[in-house]
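Pasting in a structure now, in structure tokens, and then I'll have a few things to ask.
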Amino acid sequence: MIEIKKLNKSYVIGKNSLHVLKGIEVSIKKGELVAIMGSSGSGKSTLLNIIGMLDNYDSGSYHLDNVPIKDLDETKAAKYRNQFLGFIFQSFNLINYKTAIENIALPLYYQGISRDERQKIAFEYLEKVGLGDWSEHLPSELSGGQKQRIAIARALASQPKVLLADEPTGALDSTTSEEVMALIKKINKEGKTILVVTHEHEIANMCNRIITLKDGVIVTDIQTS
Amino acid sequence: MLFNKDSWKEIFDTIKKNKLRTFLSGFTVAIGILIFIILFGLGNGLENSFKTFFTDDKVNTIRLYPSSTTIPYRGYESQRRIKFTNSDLVDFQEKFNSRIEDIVVRNTFYFQMKYKERANNYSIRAVSPGHQEAELTIIMKGRYLNEGDITNRKKHAVIGRLVAEDLFQDEDPIGKYIFGSGHSWKVIGVFQDEGGDREERNLYVPYTSMQKIQKNNDEINQMIVIYDKNMSYNESLILEKDLESYIKEKKFISPDDNRGVYISNTGEEQENSRQFASVLSIIISFIGIGTLVAGIIGISNIMVFVVKERTKEIGIRKAIGATPNSIIAMVLQESIFITMISGYLGLVVALIILNGIGDNLMDKYFISNPYIQTSNAVWATIILIFFGALAGYLPARKAAKIKPIIALRDK
Ligand SMILES: Nc1ncnc2c1ncn2[C@@H]1O[C@H](COP(=O)(O)OP(=O)(O)OP(=O)(O)O)[C@@H](O)[C@H]1O
Ligand SMILES: [Mg+2]
């Protein structure tokens, strides 16, 4: 599903260049649930953003479902993101003036799906994350765990091939974290490929595979089950 | 995308749920248009009053009054009173024949006129028939004085509308006799004058008749030269100079004497008022352009602010699949929609206010019937909407171009 070879990425700040990812080699198959770990600044988010086409890379290659992803223009990147990818962020990134169901329906709007259809699909996913009764609530009226579940529903609604989560439980307490991880695991069981960036070992241990980064290099890549 | 029903629904949704933003940009445009139209309209109203005040006599005339000399000249002492006579009139007319239409006589008197028991004091203008054109007197009833009245020294009178009201009330004045200065005068006409009430309290009688009852003299106190309508202002100044030197020579007045004969050119007044009117309209245009520019700056600032406020939202939308074009379309559609609606509202409200003002500000501020040409109002609205859209487009394009990851980081 994801095929990355000799990937390099540097950030240029003024005259200095910061080499963040140094020759990453990784291959992720369909249906895997992968945790990406590593200390702060090791390049986890950078890698995830490149996989998510939110950012571009300098050299190497990256194929998503056999499609080469390199130097996409914004219009094409937007299409691919919409078709292939679902994002879950640490800070949820819900649109604050839209209700739960409207947030979930938004990716479908960009897929050109009709309003009624959007509403129907969005509601299905709302039920799936267990928030069927909260459809008309604004994000500000929801708890952190609820917001994250709405964000997961939104990521799923467009039926992406890969789900990318950057510290999805980073802003949540441990009980809520476990609930959210349980949901992510359930979605993975249904066949979705998922990448989770995390600091927490408990979270990582719920995954099938743990990749550890250090200074932009993969130091360990362990299959847990 | 732009004409897609669903995308409009999305826009309405956004507008409804972001009331402050909608209000801010809508309010700026509406107020901008409102102030523009009202200021412009008031300016036009000021111009209106100005025109009615200063451009009453549409005929260009030069007035000649004899007075006393102040410098001794050719054996004459100073303080000599200059007189115009009937023969001077004939001379002047012959001399300047080619450049003038007519020279009119106006000798003014003030005495009581009486009809039955009703009496009042009026100014009596003893004139020649050409005076009607010089003063733009409008006959309501009967006729004006004619050459026959002059030659035969008829005791005829053409009376002002208000004189007729005073003395005759509901009676028909024509053919009736009024009494004044020891003589009876037959009313042959009633006139009105756009110069106002004061003008309509005058009476016109033949100057020859007045001369006859004034011990049969031949004096003329004022001559009004009506010159060719096609004459330019500068040509009229030359005519004025020529008249002055001709009269001074004929009457033995020193060329250096500022008195002796007094000459005033109404063309000069008109030239002054014409210049003043054009200055006024330049000022009005400046005020108009100024308000428009202020409105444009206002809406631009708000659009920049709006897009900045939405940067994160734009990042989120892009992460879940919005293309740059759809982002630009979203911002543009929203801003055009809001500015169109509010621009239209501002336009309508402003026009209602202008209409409501009407002549209410006339007494205190000399503003009558403020108005704005529809095309000016519509153009101003279009300009504001256009700049509102442009002001939205530029930051939207910038926001649509940046990588979503950067937009998302923006807190
Ligand atoms: N846009 C950027 N411009 C410059 N430097 C950046 C940028 N984004 C990240 N970096 C730097 O790149 C390095 C890797 O950042 P990254 O966010 O990938 O780390 P991370 O492993 O996700 O850390 P954390 O656990 O703290 O989230 C860091 O040193 C960071 O300062
Ligand atoms: Mg990170």
Side-chain angles (χ1 to χ4, degrees), chain A residues 11 45-46 48-50 52-56 72-99 102-119 138-139 151 153-160 164 166, chain B residues 1-25 306-331 333-334 338 396-411:
Chain A
Y11 285 116
S45 296
T46 307
L48 202 74
N49 290 337
I50 288 171
M53 299 174 221
L54 294 175
D55 209 345
N56 38 24
L72 299 177
D73 68 54
E74 271 303 317
T75 308
K76 206 156 202 171
K79 289 226 173 76
Y80 284 176
R81 281 197 290 268
N82 192 248
Q83 278 173 27
F84 295 144
L85 303 160
F87 294 93
I88 303 163
F89 302 94
Q90 180 176 353
S91 55
F92 323 124
N93 282 338
L94 299 174
I95 291 177
N96 56 17
Y97 64 83
K98 286 186 177 288
T99 61
E102 287 167 344
N103 264 289
I104 299 171
L106 200 56
L108 304 169
Y109 167 74
Y110 288 114
Q111 283 184 344
I113 293 170
S114 78
R115 204 173 181 82
D116 291 345
E117 190 73 3
R118 290 205 299 266
Q119 202 71 7
L138 290 173
R154 180 180 66 183
L156 291 173
S158 59
Q159 294 188 291
L164 302 170
D166 194 347
Chain B
M1 196 71 180
L2 206 62
F3 298 103
N4 180 323
K5 192 170 141 213
D6 209 28
S7 78
W8 277 112
K9 271 194 178 145
E10 175 76 13
I11 301 297
F12 292 143
D13 221 41
T14 316
I15 288 175
K16 252 192 286 173
K17 288 177 174 170
N18 292 276
K19 294 216 172 66
L20 178 69
R21 187 163 86 207
T22 308
F23 174 78
L24 275 181
S25 41
V306 162
V307 173
K308 192 148 183 59
E309 186 214 42
R310 297 183 81 174
T311 307
K312 181 149 189 191
E313 179 194 337
I314 289 172
I316 297 171
R317 283 178 184 266
K318 287 190 79 177
I320 60 178
T323 60
N325 283 342
S326 75
I327 298 286
I328 293 173
M330 173 181 79
V331 174
Q333 269 174 292
E334 188 186 309
I338 294 173
R397 196 183 60 170
K398 207 175 122 204
K401 263 188 193 163
I402 56 176
K403 291 234 159 288
I405 192 66
I406 293 164
L408 281 173
R409 200 185 298 130
D410 200 88
K411 284 282 141 60

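Computed from a predicted structure; not experimentally measured. Only heavy atoms go into these numbers, but all of them, side chains included; no hydrogens, no water, no symmetry mates. We name chains A, B, ... by the order of the sequence lines, and we start the count at 1 in each one.
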*Spatial distance of atom NZ (B/K318) from atom CE (A/M53) [nearest 0.5 Å]*: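 Those atoms lie 14.0 Å apart.
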*Which value, rounded to the nearest 0.5 Å, describes the distance between B/I316 atom CD1 and A/N93 atom CG?*
4.5 Å
*What part of A/T75 lies closer than 4.5 angstrom to a heavy atom of chain B: side chain, backbone, both or neither?*
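Both parts, backbone and side chain.
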*Of all the residues in residues 82-90 of chain A, which have a heavy atom that comes within less than 4.5 Å of a heavy atom in chain B?*
A/N82, A/F87, A/F89
*Check whether A/L164 gets within reach of chain B through its side chain, its backbone, both or neither, counting any heavy atom under 4.5 Å.*
neither
*Do you know which of B/T323, B/T14, B/I320 has the most heavy-atom pairs with chain A at a distance under 4.5 angstrom?*
B/I320
*Looking at A/Y110 and B/S326, what are the two nearest heavy atoms and their distance?*
CE2-OG, 3.6 Å
*Carboxylate-amine/guanidinium proximity below 4.0 Å for A/K98 and B/E10*: yes
*Would you mind telling me which of B/K9, B/R317, B/K401 has the largest number of heavy-atom pairs within less than 4.5 Å of chain A?*
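Counting heavy-atom pairs under 4.5 Å, the top option is B/R317.
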*Does any non-hydrogen side-chain atom of A/N49 lie less than 4.5 Å from one of B/K403?*
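They are not in side-chain contact.
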*Does the side chain of B/E313 come within less than 4.5 Å of A/N96's, by heavy atoms?*
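They are not in side-chain contact.
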*A/L138 CG to B/K17 NZ distance, which is reported to the nearest 0.5 Å*: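 Between atom CG of A/L138 and atom NZ of B/K17 there are 7.0 Å.
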